[in-house]
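Have a look at the structure below before the remarks.
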Amino acid sequence: MSKLHEHTPLTHSEASAPEHIAIIMDGNGRWAKQRGLPRIAGHRAGAESVRRTVEACKNLGVKFLTLYAFSSENWNRPESEVKALMQLLERFLKEKTKEMMKQNVRLNAIGRTDMLPAKTRKQLELAIETTQNNTALTLNLALSYGGREEIVDATRAIAEKVKNGELDINTIDNDTVTNHLYTAGQPDPCLLIRTSGELRLSNFLLWQLSYAEIVILDKFWPDFSESDLTAAVAHFSGRQRRFGAL
Ligand code: FPP
């Protein structure tokens, strides 16, 4: 794991893009506090940063981008903040679907999305359906997401198949679990970026991040820029990945 403090932005051709990038978008609240603004202003600026990052990833040739937008634990925030975040998400989905179509971006959601308010869920389903045939980049929004909960859900699905006689218990291996996660069919993220300096996984993609390179940035999420992304990618490309071998 390493922290990037200073860097020189690279051009696209200098860095080869990871196939799947995961991002913990942290620091919206502190960004707002620093400016004497309400927390929701930080989330709004965070949503704009999401838009920029999706476009930058697409331009770099990244095929999958997974963003931690709302964790299982985030339900414990004050009701007013949860409500404001849901409204922001609805507006984002409504306004950005056209742009996702233009950018050839396919939207997908991972998490216990059945817990989202009906209106938010409806907007989410509509955006997913509208963008389903797009091929340049798949944007996974982690919503009502927890890594442990995901493993619990996969375990339940596997146990159900064993109970029904569809699956032999002796054949269960790593691939069986991988294929029952919310991200089934997608490659694991090879790069995890976390903004605002915390050195924690925060229950994000616990299974999928087993071999990921981790880059921590000392910047709040609303300040994350395309040059931060290219620097993180260049850092990733410079590391030799051995997957435990020599
Ligand atoms: C962490 O900042 C961020 C979140 C809990 C939510 C992320 C949401 C967005 C980026 C905006 C909406 C997203 C979409 C996809 C439209 P924090 O509030 O925990 O910051 P703090 O640690 O400084 O308080």
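Residue numbers count from 1 along this sequence. Note that these values count all heavy atoms, side chains included, but never hydrogens, waters or copies made by symmetry. Remember, it's 1-based here, ligands and their atoms both numbered in the order they're listed.
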Between Y182 and N108, a side-chain donor and acceptor under 3.5 Å: no
Identify whether the distance between the nearest side-chain nitrogen and carboxylate oxygen of R51 and E55 falls below 4.0 Å. yes
Output yes when E99 and K58 qualify as a salt bridge under the 4.0 Å nitrogen-oxygen rule, no when they do not. no
Is it true that, when you exclude R35 itself, more than 12 heavy atoms of the residues, nucleotides or ligands shown sit nearer than 6.0 Å to its CZ? yes
Heavy-atom side-chain proximity of L107 to L93 below 4.5 angstrom: yes
Please list, by chain and number, the protein residues whose heavy atoms come under 4.0 Å of ligand 1. M25, D26, G27, N28, G29, R30, R39, H43, G46, A47, A69, N74, R77, L88, F92, L141, W221
Sorted by chain and residue number, the side chain to side chain donor-acceptor pair (under 3.5 Å) partners of N133 (sequence neighbours excluded) come out as none
